[in-house]
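Have a look at the structure below before the remarks.
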Protein chains: 2
Amino acid sequence: MKSYTKAIYEIIKTGHWITDTVGQVLKEDNITEPQFNVLRILKGQKGNPITVQDIQGRMIQRSSNVTRIVDKLLDKGLVNRQECPTNRRKMDITITSFGLDELEKLNKKVLEFHSPYINNLTDDEAEILEKLIKKLKGE
Amino acid sequence: MKSYTKAIYEIIKTGHWITDTVGQVLKEDNITEPQFNVLRILKGQKGNPITVQDIQGRMIQRSSNVTRIVDKLLDKGLVNRQECPTNRRKMDITITSFGLDELEKLNKKVLEFHSPYINNLTDDEAEILEKLIKKLKGE
DNA sequence: GATCTTTATTTGTTTGAACAATTAATGTAT
DNA sequence: ATACATTAATTGTTCAAACAAATAAAGATC
């Protein structure tokens, strides 16, 4: 029970620390963490459009304002938004080539942040870590 | 590298999930997560007053607005705030007995949230988990 | 002891998050 | 086909977070 609490605390604290720090890095380029995540989701689509709803479902943080996040990305020319041809309620979002370039740059910076830590754990240890967290959640 | 990324992702996602869910539970009693954490810090003082600055230092999330959080807790009668006798710049914050009662209730609710998960890991596993995260951070 | 710096907290302001309500298109049932 | 319900996205509003600036006390220096 005590060890459970300590583990939980460590997870929360570390999670916050990573997102906060990465957030700082991204802010230098005037990008928020949610915006960054949307860009990554869009890149993962490999050109296929994705709706606002589906973006929502894939976000780590269940931030409800995907529309406004996309608004911001549109302002910066990082994404396109157009009506879905088969269902006029939906919006098809895609990343622009400029968006891909920017994401590339951002990814490099984020990777730089991670680089001092990447080898702190062996692959085996990292896998055990992942599995233990999943087990904790009952997955 | 791939396993590192997966581990990191799991940490972030799980951390968010816990704080979000606990946040929901607390909201039923009109308490935010930062307010709850301040209450816990105050309880941990066992009656000794603590300054705004020291509260700040012990918070998981480095929310800068401790003053305003304490304002809210004051409104609810959960804490006291008075000038530090030895240094008039500082403010001594203490938890009221009503605050302790409320915290007790909240802790029970939070514990209820955790109870399904507490035994998913053995003590040994939880300790390994904690150690691996610390090792990941280079601690 | 007057001035300058540092420390501790508070306050102002801007931005994002949360939640509810709205709009508009689609699906369904009679 | 019309009426009603559901789905998808947007918009409005409120509240908290972030950051900077301000206030005010204490400490340091000369």
Side-chain angles (χ1 to χ4, degrees), chain A residues 15-17 19-39 41-42 49-76 79-94, chain B residues 15-17 19-39 41-42 49-76 79-94:
Chain A
H16 283 344
W17 170 68
T19 48
D20 282 0
T21 316
V22 169
Q24 298 294 323
V25 172
L26 295 173
K27 204 161 74 172
E28 296 165 11
D29 295 73
N30 239 48
I31 295 275
T32 65
E33 222 236 324
Q35 287 170 28
F36 176 66
N37 283 325
V38 169
L39 286 179
I41 291 165
L42 292 174
I50 183 174
T51 64
V52 170
Q53 200 176 27
D54 289 341
I55 292 173
Q56 171 77 277
R58 296 199 197 167
M59 304 217 8
I60 299 185
Q61 61 278 68
R62 43 116 219 218
S63 155
S64 63
N65 307 10
V66 175
T67 298
R68 276 184 264 238
I69 294 172
V70 171
D71 286 345
K72 297 282 170 60
L73 295 173
L74 263 174
D75 289 347
K76 296 172 194 157
V79 304
N80 291 314
R81 171 167 58 193
Q82 59 182 62
E83 220 172 51
C84 172
T86 63
N87 187 336
R88 288 198 301 149
R89 280 174 304 185
K90 299 188 180 183
M91 296 303 266
D92 279 345
I93 318 292
T94 49
Chain B
H16 283 344
W17 169 69
T19 48
D20 283 359
T21 317
V22 169
Q24 298 293 324
V25 172
L26 295 172
K27 204 161 74 173
E28 296 165 11
D29 294 72
N30 238 49
I31 295 276
T32 65
E33 222 238 325
Q35 287 170 27
F36 176 65
N37 283 325
V38 169
L39 286 180
I41 290 166
L42 292 175
I50 183 174
T51 65
V52 170
Q53 199 177 27
D54 289 342
I55 292 173
Q56 171 75 278
R58 296 199 198 168
M59 305 225 352
I60 300 185
Q61 61 277 69
R62 43 118 218 219
S63 154
S64 63
N65 308 9
V66 174
T67 299
R68 275 184 264 239
I69 294 172
V70 172
D71 286 344
K72 296 283 169 59
L73 295 173
L74 263 174
D75 289 345
K76 295 172 194 156
V79 303
N80 291 315
R81 172 167 57 193
Q82 59 182 62
E83 220 173 51
C84 173
T86 63
N87 188 335
R88 288 199 300 149
R89 279 174 305 185
K90 300 188 179 182
M91 295 303 263
D92 278 345
I93 317 292
T94 49

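As a basis for the values below, the full set of heavy atoms in this structure was taken, side chains included, without hydrogen atoms, waters or symmetry mates. Letters A, B, ... are given to chains in the order of the sequence lines, protein chains preceding strands, and every chain is numbered from 1.
Projected onto DNA chain C by closest heavy-atom contact, A:Gln35 and A:Arg88 fall at different nucleotides, the more 5' of which corresponds to A:Gln35.
Note: A:Leu42 CG to A:Ile55 CD1 = 5.0 Å, rounded to the nearest 0.5 Å. Between the CD atom of B:Gln35 and the CG atom of B:Leu26 there is a distance of 9.5 Å, given to the nearest 0.5 Å.
In this structure, A:His16 places its NE2 atom 11 Å from P of D:dA17, rounding to the nearest Å. As rounded to whole Å, 14 Å separates atom C1' of D:dT10 from atom NZ of A:Lys72. In this structure, the CD atom of A:Glu83 is 13 Å from the C1' atom of C:dT23, given to the nearest Å. The interatomic distance linking B:Ile31 (CD1) with D:dC15 (C1') rounds to 15 Å, in whole Å. Protein atom CG of B:Asn30 is 17 Å distant from nucleotide atom P of C:dA18, rounded to whole Å. For A:Gln82 and D:dA9, the CD to P distance is 14 Å, given to the nearest whole Å. Atom CD1 in A:Ile69 sits about 15 Å away from atom P in D:dT11, given to the nearest Å.
The two residues B:Leu74 and B:Asn80 come nearest to each other via the heavy atoms CD2-CA, 4.3 Å. Of all non-hydrogen atoms in A:Ile41 and A:Met59, the two that sit nearest each other are CD1-CG, 3.9 Å. Smallest separation of non-hydrogen atoms from A:Asp92 and A:Pro85: OD2-CD, 3.5 Å. Among all heavy-atom pairs drawn from B:Arg81 and B:Met91, the shortest one is CG-CE, 3.6 Å.
Atom CD of B:Glu28 sits in a crowded spot, with more than 12 heavy atoms from other residues, nucleotides or ligands closer than 6.0 Å.
A donor and an acceptor atom, one from each side chain of B:Lys90 and B:Gln53, are nowhere located under 3.5 Å apart.
Judged by distance alone, the side chain of A:Asn65 and the main-chain N or O of A:Thr67 form no donor-acceptor pair under 3.5 Å.
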Might you list the N or O atoms of the protein lying below 3.5 Å from N or O atoms in nucleotides 1-4 of chain D, with each pair's distance?
none

**Asked** Along nucleotides 5-12 of chain C, 5' to 3', which nucleotides get a B, which get an S, and which get a -, given that the test is a protein heavy-atom distance under 4.0 Å?
**Response** --BSSBBB
